[in-house]
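These notes are about the structure you will find just below.
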Amino acid sequence: MAGISITLPDGSRRSLPHGATAGDLAAQIGPGLSKAALVAEVDGEEVDLSAPLSEGQQVSIITADSDAGLTVLRHSTAHVLAQAVLDLYPGATYAVGPPIQDGFYYDFDLPDGATISEDALEAIEARMREIVAADQPFERHEVSVADGLELFADHPYKREIIETVAMAATPEDQQAADEMAAEVAGDGQISYYRNSDAFIDMCRGPHVPSTGRLGHFKLMSVAGAYWRHDAGRPSLQRVYGTAWATGKDLASHLHRLAEAEKRDHRRLARELDLLSWPAELGPGLAVWHPKGAAVRRVIEDYSRRRHDEGGYELVFTPHIARSELWETSGHLDFYRESMYPPMELDGGAYHPKPMNCPFHVLIYKSSLRSYRDLPIRMFELGTVYRYELSGAVHGLMRSRGFTQDDSHIFATPEQAPAEIASLVAFVLSVLRAFGFDSFDARLATRPPDKSIGGDAEWEMATEALQGALEAAGLEYELDEGGGAFYGPKIDVDVRDAIGRSWQLSTIQVDFQLPERFDLEYAGADGGRHRPVMIHRALMGSIERFFGVLIEHYGGAFPAWLAPVQAVILPVAASHCHYAAEVEARLSRDGFRVQVVDAQEPLGRRIRAAKLQKLPYVLVVGDDDAAHRTVGVNARGGDGDERGVPLEDFALRLARDVDDHR
RNA sequence: GCCCGAGUAGCUCAGUCGGCAGAGCAGCUGUCUUGUAAACAGCCGGUCGCAGGUUCGAUUCCUGUCUCGGGCUCCA
């Protein structure tokens, strides 16, 4: 009897009877794999386990251990969510439900504008568990476009997807169609999955064999979302969920979320008295309390010092400027909706600045520059104001007023590559100083449609950025066409202590502003030439950087950053005098220390200090006063050290600060 | 800006099916004088986010509005 022969990922071959499916193959390989198998990859394409195999194919069985398997699992769970919602809300219709990071969502439109409340999630989840318990098969079917339209006659969003995919006429349609194809099928056929008499969903697939394979999920939240991202289209009810391969993975994900919530900088900002957002100021505007300001000062001082050492010159510029400046710079053209409106006075219109660049350009233009002067590196902690959508502001991470650690480098085209190369190293060095050691970078290249500058310039700049990334040994993603219209850029994200990614740094080459402001330098040939301008924000904004630092450290700042480095606790009132002496001694070296007098029991004061997450609690009593020592209780240490000579502690703290611990 | 949800003491949160507003922590005062994560007692503390409406009466119901949270969009 003739069979077929297929190849496994390890290169080995297997024979199977005609008509055998990927599921049969998994079963032949072993019962463990058969049980774990979710879908298969056949000649590079993911298919259902029920798909028949044919001669000569490359087949690998995908389980939930892989990202691909997990994605399928989440996608299938989204289908179960849709089934449950359509079941529980008669008349509801569904839009799209893709897998996303950590889980999935599904968008619904409920009859009469009804909404799904968070309280309803429990009931939906319960229905989902029934569907899982019923172990319904995901059966794949394919029909023609016409039949598909009929099948989904009651579901306008699905019909729209079919129509968009099937009838893409213009390139715009084609783009929309490509996006939606992920939800459907291809090749003139509409694929859908049926997992009970009552429920079908259009989908390209593949899916797990049956709902019984799912189960480690949890519905998380409800939100509004527009159909096809368009504010003019209906607003849908989006239900978010998380799904994992095992209960253990799910539990650890939920644990991570709980940890992240504990680290939320808005919560810690209040608990540690760092800053607040008075409603009186308006959204996205914070006031820095003394303790937050103390940390900010360390951050800024460090930044200034590094820039001094790096050959930058510090500048200051005002917060508002005439609208003419913003016309010249082009901001009023392409950035107006993010700018605060003008203040009219003295016959002029003044806008708060959304960026510092034009000011630095004017400093450059204040005199004729020679090639001998270049590169000129200007640095400013420049506060800018941007009108962010009210729904977009988020603590320190997204605010309406913030201070950029902003640099603009003016260089000859020949100097630009070396400048860029040193910039990447500079950026990483400063970020590392703040305890970040894991980075993700993106190189964004020339947009295909419209951009300014010559091909040679773009190529030079892009190569320089790329070379800089490689020289720094930084892995990066290529964002083809993702650059600004005025130049290519590198964005650097840092990973924090619990693995989350934050965009901080950006290095952008700009061919535009030098043109717009007609910047020149006198070259060695005596002729006038156009300099290249490089924008660079390293921390991005001091506010966001501080927010990321708070969450990275969970509020437990290393000694060099901590707003209070040590609190000094006299055991009893009789030790207050010595405590003051210790305070004076440590303050003399510039340390940030505080005495808390003995009006409350020692244990209570220790607890209060610990809750403030201070690096050191120093306890001083009779023995210490007699021998000029301190009792040292270090954060994270096991227990306390008694009788530490005061001078030794001062040295230890100094070392911590030097080493950025 | 849009969708959903929430605003009660400085903080975390109860509560009022429309009828004098509650706790813990924090703060203050007193007692205690303390050696490594919460001493004891008492006190203060609220236009129940704001403005209208309905009602004999609104913190509670309705409308509007502001702020916050989760999303969409956008971004440092």
Is there a donor-acceptor contact under 3.5 Å linking the side chains of His289(A) and Ser276(A)? yes
Given G1(B), A37(B), A76(B), identify the nucleotide with an atom nearest to the side chain of Lys610(A). A37(B)
Quick one: label Glu388(A) by what it contacts on the DNA or RNA (base, sugar-phosphate, nothing), any heavy atom closer than 4.0 Å. base
Nearest to the side chain of Thr506(A), which nucleotide is it out of A37(B), A76(B), U73(B)? A76(B)
Can you tell me the Watson-Crick or wobble partner of A14(B), both distances under 3.5 angstrom? none
Between His575(A) and Arg386(A), who's closer to the 5' end of RNA chain B by nearest nucleotide? His575(A)
Quick one: label Arg238(A) by what it contacts on the DNA or RNA (base, sugar-phosphate, nothing), any heavy atom closer than 4.0 Å. sugar-phosphate
Would you call the rings of Phe436(A) and His552(A) parallel, tilted or perpendicular, taking 30° and 60° as the class edges? tilted
Taking any strand in view, what nucleotide pairs with C40(B) in a Watson-Crick or G-U wobble way, both distances under 3.5 Å? G30(B)
Between G30(B) and U36(B), how far is it from one P atom to the other, in whole Å? 27 Å
Atom CD of Glu280(A) and atom C1' of G7(B): how far apart are they, to the nearest Å? 15 Å
Say whether Thr403(A) and Arg296(A), considering side chains only, have a donor N or O and an acceptor N or O under 3.5 Å apart. yes
Hey, is the side chain of Tyr387(A) poking within less than 4.0 Å of OP1 or OP2 on G1(B), counting only N and O atoms? yes
Protein-nucleotide distance (Leu611(A), atom CG; C25(B), atom P), rounded to Å: 14 Å
Re C61(B): Watson-Crick or G-U wobble partner, both distances kept under 3.5 Å, found to be G53(B)
Any Arg270(A) side-chain nitrogen or oxygen under 4.0 Å from OP1 or OP2 of U12(B): yes
Atom CZ of Arg635(A) to atom C1' of U36(B): distance rounded to whole Å? 17 Å
Considering every strand and a 4.0 Å limit on heavy-atom distances, what is the contact class for Arg604(A): base, sugar-phosphate, or nothing? sugar-phosphate
Students often get this wrong, so: under 4.0 angstrom with heavy atoms, is Ser399(A) touching a base, only sugar-phosphate, or nothing? base
Does one side chain, of Gln503(A) or Asp493(A), offer a donor that lies under 3.5 Å from an acceptor on the other? no
Pick the C1' atom in G22(B) and in A9(B), then give their distance to the nearest Å. 10 Å
Using distance alone, with no hydrogens and no angle criterion, decide if Asn356(A) and Gln404(A) have a side-chain donor and acceptor under 3.5 Å apart. yes
Axial cation check for Phe104(A) ring with Arg74(A), 6.0 Å and 45° limits: no
Name the nucleic acid region contacted by Arg642(A), choosing base, sugar-phosphate or nothing; use a 4.0 angstrom heavy-atom cut-off, strictly under. base
I need the NE2-P distance between His331(A) and A76(B), as an integer number of Å. 11 Å
G53(B) and C43(B): how far apart are their C1' atoms, nearest whole angstrom? 40 Å
Students often get this wrong, so: under 4.0 angstrom with heavy atoms, is Tyr335(A) touching a base, only sugar-phosphate, or nothing? nothing
May I have the distance from Asp479(A) (atom CG) to C75(B) (atom C1'), rounded to whole angstrom? 14 Å
Side chains of Leu396(A) and Leu275(A) in contact at under 4.5 Å (non-hydrogen atoms): yes
Return the polar atom pairs (N/O with N/O) between nucleotides 67-70 of chain B and the protein under 3.5 Å, or none.
{"residue": "G69(B)", "atom": "OP1", "partner": "Arg266(A)", "partner atom": "NH1", "Å": "3.0"}
{"residue": "G70(B)", "atom": "OP1", "partner": "Arg266(A)", "partner atom": "NH2", "Å": "3.1"}
{"residue": "G70(B)", "atom": "OP2", "partner": "His394(A)", "partner atom": "ND1", "Å": "3.4"}
{"residue": "G70(B)", "atom": "N2", "partner": "Gly224(A)", "partner atom": "N", "Å": "3.4"}

Please tell me whether Thr242(A) and Asp102(A) have a donor and an acceptor in their side chains that are separated by less than 3.5 angstrom. no
What interatomic distance, in whole Å, is found between C1' of U31(B) and the corresponding atom of G18(B)? 46 Å
Quantified in whole Å, what is the C1' atom distance between nucleotide G52(B) and nucleotide G70(B)? 30 Å
Distance between the P atoms of G1(B) and A14(B), in whole angstroms? 29 Å
State whether the distance check finds a donor on one side and an acceptor on the other, under 3.5 Å, for side chain Asp622(A) versus base G35(B). no
Euclidean distance for C1', C50(B) against C56(B) (whole angstrom): 25 Å
Any cation-pi pair here, Lys613(A) with Phe557(A), using under 6.0 Å and within 45°? no
Measure from CD1 on Ile606(A) to P on A39(B) and round the result to the nearest Å. 11 Å
For the rings on Trp326(A) and Phe359(A), is their centre-to-centre separation under 6.0 Å? yes
Gap between atoms CG and P, on Leu504(A) and C75(B) respectively (whole Å): 17 Å
Output a table of nitrogen or oxygen pairs between the protein and nucleotides 31-33 of chain B separated by less than 3.5 Å.
{"residue": "U33(B)", "atom": "O2", "partner": "Ala573(A)", "partner atom": "N", "Å": "3.1"}

If you take the centroid of each ring, where Trp contributes its six-membered ring, are Phe434(A) and Phe545(A) closer together than 6.0 Å? yes
What I want to check is whether the side chains of Ser407(A) and Arg536(A) have a donor and an acceptor closer together than 3.5 Å. yes
Expressed in whole Å, how much space separates the P atoms belonging to C17(B) and U59(B)? 15 Å
With a 3.5 angstrom cut-off on both distances, give the Watson-Crick or G-U wobble partner of G1(B), or none if there isn't one. C72(B)
If I take atom CG in residue Asp491(A) and atom P in nucleotide C74(B), what distance separates them, rounded to the nearest angstrom? 15 Å
Return whichever of Ala625(A) or Arg544(A) has its heavy-atom-nearest nucleotide of RNA chain B closer to the 5' end. Ala625(A)
